[in-house]
Each structure stands twice: as C-alpha cells, then as structure tokens.
Protein chains: 2
Amino acid sequence: MHALGFEHHDHHRCKREALTTAEAHCARHRLNFTPQRRRVLEILLAGHRAMGAYEILDTLRDEGLGAQPPVAYRALDFLVTNGFAHKIERLNAFIACTHPDATHTPAFLICRICDAVAETHAEPARGMLGAAAEAAGFEIEQAVVEAVGRCPRCRDGAAPCR
Amino acid sequence: MHALGFEHHDHHRCKREALTTAEAHCARHRLNFTPQRRRVLEILLAGHRAMGAYEILDTLRDEGLGAQPPVAYRALDFLVTNGFAHKIERLNAFIACTHPDATHTPAFLICRICDAVAETHAEPARGMLGAAAEAAGFEIEQAVVEAVGRCPRCRDGAAPCR
DNA sequence: CTTGATATGTTACATCATAACGATTATCAA
DNA sequence: TTGATAATCGTTATGATGTAACATATCAAG
C-alpha cells in the first residue's frame with residue numbers, strides 16, 4: 001500500500017467512491033447517515049485536507065445546517081467512530097479517510113510546512129511497539145501514528161501546496 | 001528496551017537522575033537551565049504522569065514562580081525542545097522523559113481508563129511507515145506514536161491507578 | 001398512541017494555547 | 001565601563017479547541 005494525498009488524482013472520483021462506500025457501510029450496519037453527517041463528510045472530501053471543526057462549522061452555518069460547535073463535533077464523532085474520517089491529533093483537525101473500505105490502522109504523513117496530510121497504513125502494534133506493550137502488560141486497542149516532516153513539493157523548494 | 005511507567009520503581013532515584021542528566025546536558029550545550037525550567041521539570045517528575053500546562057501552572061503560581069499561561073508554556077517548550085519532556089498529543093498534556101540520556105524516538109502507551117502513560121521506544125520510520133514515506137517522497141523528521149489501550153492494572157479490573 | 005432510542009438545536013462554559021509588548025537580566029565587544 | 005544585543009520573564013488580552021447539559025424533534029417498535 002502506498003500513501004495517497006501528495007500526488008494528483010481524480011478528486012471527483014475519489015469523493016464519489018468514499019460517499020458510496022460510506023452509504024453502503026451505513027446501510028449494512030443500520031447506521032443513520034443523516035444529511036448533516038453526509039454533508040460533513042462531503043466537506044472533508046472536497047477540502048481534501050485536514051480541516052478544523054470550526055472551519056467545517058462555518059460551511060454548515062452558511063448552508064443553514066447548524067451554527068453551534070456541537071453540531072460539527074457530533075457529525076465528526078460519527079464519522080471518526082465509523083472510520084469515514086480520522087482525527088489528526090497533531091493538528092487538532094479532521095480528514096476524510098482515503099480508503100474507508102479496508103479494516104485499517106491508519107498512519108499519517110504530515111508536512112510541517114504546508115500542513116498537507118497523506119494517509120497511509122502502518123501496523124505499529126507489531127514490531128518494537130507491540131513487543132514493548134506485551135512486556136509491559138499493556139493491551140493496545142488503537143494507535144496514533146503521525147509522522148511529521150516535509151512533503152515532496154516542500155522538499156523541492158516549490159511553493160507550498162496551498 | 002521495555003516500557004517504564006506501569007511498574008513500581010524508585011521514584012526518588014529516577015527524579016534525581018533525570019535532573020542530573022538535564023543539568024549536565026544544559027551545561028554541555030550552553031543551555032540556560034533556569035529555576036523556572038528546572039522547577040517545571042521537577043513538577044513533571046514528581047507527578048510522574050502526563051500533566052496539563054495549567055495544572056503545572058497552578059503549582060508555579062502557588063510558589064510565586066509565575067501566574068500566567070505563557071510562563072508554563074515557555075518552560076515546557078524548552079523542556080520539549082531539548083528532549084527532557086514530551087508532549088502527549090492525544091491528551092494535550094506533558095510528561096517528563098524517562099530516559100533523556102538516549103537519542104530516541106519516543107512512543108507512548110496510554111491507558112484510556114486511568115490516563116497512565118508509559119514511555120517506550122519505537123522506530124516507526126523503519127518498516128511499513130518508512131517504506132510508505134519513501135514511496136511518497138516524504139521526508140520523515142519526527143514521529144508521534146501513541147498507543148491507546150488498557151494498562152495492566154486496569155486490565156486486571158483493579159481500581160484505576162489513581 | 002405511547003414509549004424509548006436516536007438525532008438535533010442551543011446556551012453556556014471549560015480547556016488549551018499564543019500574540020504582543022514592556023521590563024529585566026545576561027553577555028560581550030569596543 | 002558602557003552600550004548594544006539577545007535571552008528570559010511578567011502580564012494582558014485574546015484566540016482556538018472542545019464539551020456538559022438540557023430542551024426539542026423524529027422515528028421505529030410495541
């Protein structure tokens with residue numbers, strides 16, 4: 001598996017696919033994919049980057065879909081809980097999942113210059129971390145893996161992506 | 001290397017050693033280990049857990065060492081920059097480094113029940129994450145690795161550590 | 001229709017963090 | 001010594017992120 005997010009690709013298609021996948025998953029699991037929740041996912045997919053809850057809320061407010069913080073946070077909780085979006089702890093921001101169809105342990109590559117984020121896959125629970133956890137008697141349920149550095153564009157000295 | 005933090009050990013000794021190490025490192029690198037910075041490290045070492053900046057600030061205030069947030073955040077910046085403490089992104093909190101003498105890529109085991117944190121070591125830049133970064137042309141400078149789960153005490157159904 | 005579960009709307013507040021600016025202190029070359 | 005410079009500290013004010021609590025609305029099951 002390789003990282004998505006830095007290279008160009010068909011945004012329109014990836015948005016459609018993510019929404020279709022989310023719809024199907026909700027239907028199968030009897031989850032309520034409400035207009036608000038759907039819209040927040042669409043906003044994240046359209047932004048195609050890590051977005052703060054208040055930034056998302058601004059859009060919802062403009063569209064008459066809710067004006068107070070809990071509106072955004074509740075929709076984001078739903079999306080994160082069900083794997084359609086992830087929280088980037090390092091940025092206190094949220095991003096649409098780029099491969100929501102797989103059971104996955106997401107890991108992120110975060111550019112410290114332009115804040116671009118690419119999602120990739122890691123299994124930190126294997127290897128050193130897993131061994132350390134086992135030795136300590138710690139049961140890993142979830143892992144936050146966020147690499148900070150420079151994305152290809154910013155390494156090249158090009159203008160930052162955004 | 002194994003995780004420190006869940007098992008009992010000689011707190012008095014580990015505090016002394018961490019302070020001695022920090023002092024020596026600052027002396028060697030001409031860093032200004034001021035009373036405020038030293039005191040914040042002592043507070044973190046005494047707490048022996050992840051502490052919020054405002055919690056640390058409360059102690060500083062009681063001791064007449066500063067009453068406003070920037071006082072705590074500046075000292076914490078210094079400690080984090082120089083590797084004497086780490087920020088736990090998941091908790092928005094700070095913890096003293098438990099092995100400040102080594103050049104290390106810290107990783108943390110965070111109990112979701114009692115918030116206990118153990119520091120261990122991982123090299124996520126090797127393995128899958130490193131391969132993904134290389135494939136994407138991303139240069140990893142630093143990594144946040146935070147495993148969330150249950151610590152030994154909370155798994156045993158015992159009363160939470162604190 | 002009622003009940004219970006889920007989702008939404010809103011107020012108010014809690015928590016985490018930093019910009020900006022002036023005062024103080026340390027350093028060091030002239 | 002003196003003056004320039006950088007680092008540190010003290011404070012005000014504000015920004016940014018996140019949640020508790022409660023009222024209202026919706027809807028499916030009994």
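To find a chain, count down the sequence lines: A is the first, B the second, and so on, and within it residues start at 1.
Rounded to the nearest 0.5 angstrom, B/Cys151 SG and B/Ile113 CD1 are separated by 7.0 Å. Of the inter-residue distances, the one linking B/Leu76 atom CG with B/Leu57 atom CG reads 9.5 Å to the nearest 0.5 angstrom. With rounding to the nearest 0.5 angstrom, the OG1 atom of A/Thr34 is 7.0 Å from the CZ atom of A/Phe78. The NE2 atom of A/His121 lies 4.0 Å from the CE atom of B/Met128; values are rounded to the nearest 0.5 Å. The line from CD1 of B/Ile110 to CG of B/Leu91 is 4.5 Å long, rounded to the nearest 0.5 Å. Residue A/Ile140 holds its CD1 atom at 12.5 Å from CD of B/Glu146, rounded to the nearest 0.5 Å.
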So B/Arg153 and B/Asp156, salt bridge (charged side-chain N to carboxylate O under 4.0 Å, His left out) or not? Walk me through it.
-> CA-CA 5 Å; B/Arg153 294 173 74 109; B/Asp156 289 346; over 6 Å; no
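Along DNA chain D, the nucleotide closest to B/Pro69 and the one closest to B/Gly64 are compared, and the more 5′ of them pairs with B/Gly64. Nearest-nucleotide positions on DNA chain D for B/Leu31 and A/Tyr73 put B/Leu31 closer to the 5' end. Comparing B/Leu91 and A/Phe78, the nucleotide of DNA chain C nearest to each residue sits closer to the 5' end for A/Phe78.
An OP1 or OP2 oxygen of C/dA17 is reached within less than 4.0 angstrom by a side-chain nitrogen or oxygen of B/Asn92. Listed pair B/Arg30 / C/dT27 fails the phosphate criterion, with no side-chain N or O lying under 4.0 Å from OP1 or OP2.
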Residues 36-44 of chain B, side-chain donor-acceptor partners within the protein, below 3.5 Å, at least two apart:
{"residue": "B/Gln36", "atom": "NE2", "partner": "B/Leu65", "partner atom": "O", "Å": "2.8"}
{"residue": "B/Arg37", "atom": "NH1", "partner": "B/Asn32", "partner atom": "O", "Å": "2.8"}
{"residue": "B/Arg38", "atom": "NE", "partner": "B/Glu42", "partner atom": "OE2", "Å": "3.1"}
{"residue": "B/Arg38", "atom": "NH1", "partner": "B/Glu23", "partner atom": "OE2", "Å": "2.4"}
{"residue": "B/Arg38", "atom": "NH2", "partner": "B/Glu23", "partner atom": "OE2", "Å": "3.1"}
{"residue": "B/Arg39", "atom": "NE", "partner": "B/Glu63", "partner atom": "OE1", "Å": "2.8"}
{"residue": "B/Arg39", "atom": "NE", "partner": "B/Glu63", "partner atom": "OE2", "Å": "3.3"}
{"residue": "B/Arg39", "atom": "NH1", "partner": "B/Glu42", "partner atom": "OE1", "Å": "2.9"}
{"residue": "B/Arg39", "atom": "NH2", "partner": "B/Glu63", "partner atom": "OE2", "Å": "2.8"}

Would you tabulate the side-chain donor-acceptor contacts of residues 81-90 of chain B under 3.5 Å, counting partners in other chains and residues two or more places apart, or write 'none'?
{"residue": "B/Thr81", "atom": "OG1", "partner": "B/Asp77", "partner atom": "O", "Å": "2.7"}
{"residue": "B/His86", "atom": "NE2", "partner": "B/His104", "partner atom": "NE2", "Å": "3.2"}
{"residue": "B/His86", "atom": "NE2", "partner": "B/Glu119", "partner atom": "OE2", "Å": "3.2"}

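If you measure from atom CZ of A/Arg38 to atom C1' of C/dA7, you get 18 Å, rounded to the nearest angstrom. Atom CD of A/Glu89 is separated from atom P of C/dA17 by 12 Å (rounded to the nearest Å). The CD1-P distance, from B/Ile88 to C/dC16, rounds to 14 Å in whole Å. Residue B/Gln68 contributes atom CD, which lies 16 Å from atom P of C/dA19 at whole-angstrom precision. The CG atom of A/Asn82 sits 13 Å away from the P atom of C/dT6 (whole-angstrom rounding). Distance, A/Gln36 CD to C/dT10 P: 10 Å, rounded to whole Å. If you take CG of A/Asp77 and C1' of C/dA7, they are 13 Å apart, rounded to a whole angstrom.
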Pull out every protein N or O sitting under 3.5 Å from an N or O of nucleotides 20-26 of chain C, one pair per line with the distance.
{"residue": "C/dA20", "atom": "N6", "partner": "B/Arg74", "partner atom": "NH2", "Å": "3.3"}

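Residues from residues 53-62 of chain B that place a heavy atom under 4.0 Å from any atom of DNA chain D: there are none.
Taking each heavy atom of A/Gly149 and B/Phe138 in turn, the nearest pair found is N-CZ, 3.4 Å.
No side-chain donor-acceptor contact under 3.5 Å links A/His25 to the backbone of A/Thr21.
Taking five base pairs at each end of the helix from C/dC1-D/dG30 to C/dA30-D/dT1 and finding the rotation axis that steps the C1' atoms of four pairs onto the next four gives two axes whose angle is 20°, to the nearest 10°.
On the nucleic acid side, DNA chain D contacts chain B at distances under 4.0 Å to non-hydrogen atoms, with the end points of that region at D/dT8 to D/dT12.
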